[in-house]
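The structure appears below as structure tokens.
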Amino acid sequence: MGEPPRVLVVDDDAGIRDVLDLALTDAGYAVALAADGATALTMIDAVAPDVILLDMRMPVLDGWAFAEAYRRRPGRSAPIVVMTAARDAPEHAAQIAATAYLAKPFDLADLLACVAQYSPSHE
Amino acid sequence: MNVLIAEDRGASALPSLRRRWQRPSLGYLVAVLGQVVAVSFTLYLRAMWPRGFPYQGVLPLVVVIAVALRWDFGASVLATLLGAALVDYYVLPPYATWSREPAQMGAVLAFMAIGLTIGLLGRRAQRARLHAAAAAAREHDLWEKAERTAGRIARLQAVTATLAGALTPEDVADAIIEQGLAALGATTGAVVVLSDDATTLRTLRLVGYPPEVAAGWREFPVDTSILLADAVRAREVLTLETAQERRTRYPHLAPITDASRAGANVAIPVIMGDRATGAIGLSFPTERHFDAEDLAFMRTLADLCAQALDRARLYELERQAHRCAAAAVRERDTFLSVAAHELKTPLTSLRAFAQLLLGVPGQGGPLDLAQTQRALRQIEGQTGKLSRLVDQLLDVARLETGHLALDCRETDLTALVAEVAAAARVQTDRHTVIVEAPRSVPAWVDPLRLEQVLTNLVNNALKYSPQGGPIALTLAVDPGGASVRLAVCDRGLGIPTERRAHIFDRFYRAHADHHRSGLGLGLYISQQIVALHGGRLEAEFPEDGGARFIVTLPRGQGAGGADDG
């Protein structure tokens, strides 16, 4: 096995970023963290993520705006997994044509399974 | 009789012409001239007739008949006596002398008897005709009155039907004016309503006035000296039947009303219960008298108007209540979804950390000691966050039910400010937290609650100046020493002008569309806590950006002066 799959976590809550960092790193992924959509966009070329875990409601640049800007840039786009505490998680996911969604508070096992499913090592 | 109603004027022209023809003096003149002409013509005919004129009394009798039919009994008696004398003197032989023969005297007496009989018959015929005419006139009046009454009843039914569908005061006014104008023959109409404080009359509808006049009468004080306002104050129907009457009672309005050449005016108060809530005004193109029936109709119209306006008011109240309730439900819904979102965020990491500690499928392996400690620290931190959110919710519930109690004690505000500033410095390395305060400022406050307020203000300052910068906490004692001023000032985003009015509202988040976290309760709770202390919390937004929140507090019992050292 070569390089570990890269996961970008975009969430404004430090606690969530931290637990995902811990869990995903432990599970063998290379994890990058961003507190809002704008920061995530600046990191995107350097990180070149294989999967993006995206919160929707964030300051500065929210999930919708991030997804739009991310898809507009040239090159291939990684699958986006939406994480939201809103009641209408499926709608939010559909709005940005996300690959999958996880309703907060999610089950960590579901999240790990989801990331594994959409990351290249699984294919 | 009902001759004063304007519509009767045209019909009354003919009888007056007839009356002129029937003047008694004319009857006597016709009697004299008629007999002179009749006797002259009889003499002429007798001269012309080949074998003498046989009908010597006929023409004078024709005159008697004519006079008897057209004029009064006196004229017909004069015509009879004059005719008899002239016939006796000129017509019966021997001519130009009075008759002596019994046959001739008998003929003259017979003439007189016939003439007087004709006179009497004529008088009877005339009386019968007058009776018939009077009866016809009465019948005509009754019929007209019945027709008018029926018309008005139909109008009232139409008004009732229209008003049933009138849901706004303006609809009501429209229906009243439309029907009132048509039923009474008025040319302009107005409906005004009295304001709740009974000082101002507001015009609901004005029909038939030029726009520039209407524009000047949208609202006017109830003590204005005009018929409408007077009717509201007097709670009585007021009428101006003639232009003269109006000039006498409202001389100051002459320039307006004379130009409009209005005739009569009427103002009917709209009475609900025992108070006038408005008035209906109508004006007529000609002068006219308002009889009891007119007034009764107008009062009925005003009663219908009153009921309909009341109904419209209730309907509006009901709609308003419904709108309020719907808005409250929407606000609650929004709050619940925001609250759920805010509560779920710490729950998410709590759950994930706990699962990580327990071990889940897909996990790399059990956590080492450092990782375990990191997870436990986060769990501790997230439970704190969660409990602060729950506290905020409880505070709001307590404030709403009036159960938030202060636990006041002598507190050094300087120390409290320093504590809050120190806590803030731990949270950030981008901001400079500056404290300016006297060495000690004792005050009678609830230290925990006041700390909550300050922490909230400082956290807002941190949150809304994401680029960093100075955050100044300034504490000062007012010159009198009775109150203190505590300001938290940042150089951050400030608050958009259009949102400033709402920042102290419950559940309001000035930057909601930027998805900043929070329940939108911090400023509301802070303001309420400061208010419970008898102080006030205000916001200022300096021209050059940022926000300044100022707490002004009375120092309360046992407050000494500031110790500047």
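Sequence lines set the chain letters: A, B, ... in the order given, protein chains first and strands last, and positions in each chain run from 1.
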Exercise for the section: May I ask you to name which of A:A14, A:A86, A:A23 has the most heavy-atom pairs under 4.5 Å with chain B? Expected result: A:A23

Practice task
Name the member of A:I16, A:T25, A:D11, A:L24 that forms the most heavy-atom pairs with chain B at distances under 4.5 Å.
Solution key: A:I16

Exercise for the section: Look at atom OH of A:Y70 and say whether more than 12 heavy atoms of other residues, nucleotides or ligands are closer to it than 6.0 Å. Expected result: yes

Problem - Under 4.5 Å from any heavy atom of chain B - which part of A:L112 - result: side chain

Completion exercise
CZ (B:R351) and NZ (A:K104) are apart, to the nearest 0.5 Å, by 13.5 Å

Problem - Min side-chain heavy-atom separation A:D21-B:R374 under 4.5 Å - result: yes

Handout entry: B:K344 side chain to A:A85 backbone, donor-acceptor under 3.5 Å
Key = yes

Handout entry: Contact check, side chains of B:K385 and A:D13, non-hydrogen atoms, under 4.5 Å
Key = yes

Problem - Interchain contact, B:I379 with chain A, by part (heavy-atom threshold 4.5 Å) - result: neither

Problem - A:G15 backbone acceptor or donor facing B:Q378 side chain under 3.5 Å - result: no

Practice task
Pick one of side chain, backbone, both or neither for B:Q382, based on which atoms fall under 4.5 Å of a heavy atom in chain A.
Solution key: side chain

Practice task
To the nearest 0.5 Å, tell me how far B:H341 NE2 sits from A:M56 CE.
Solution key: 10.0 Å

Exercise for the section: Measure A:D107 against the heavy atoms of chain B and call it side chain, backbone, both or neither at under 4.5 Å. Expected result: both

Fill in the blank from the handout: Closest non-hydrogen contact found for A:L22 with B:L356 is CD2-CD2, 3.6 Å

Problem - N-O pairing of A:D18 and B:R377 below 4.0 Å - result: no

Exercise for the section: Mind listing the closest non-hydrogen atom pair of B:A352 and A:L108 along with its distance? Expected result: O-CD2, 3.6 Å

Practice task
May I ask you to check whether over 12 heavy atoms, not counting those of B:R319, lie within 6.0 Å of atom CZ?
Solution key: yes

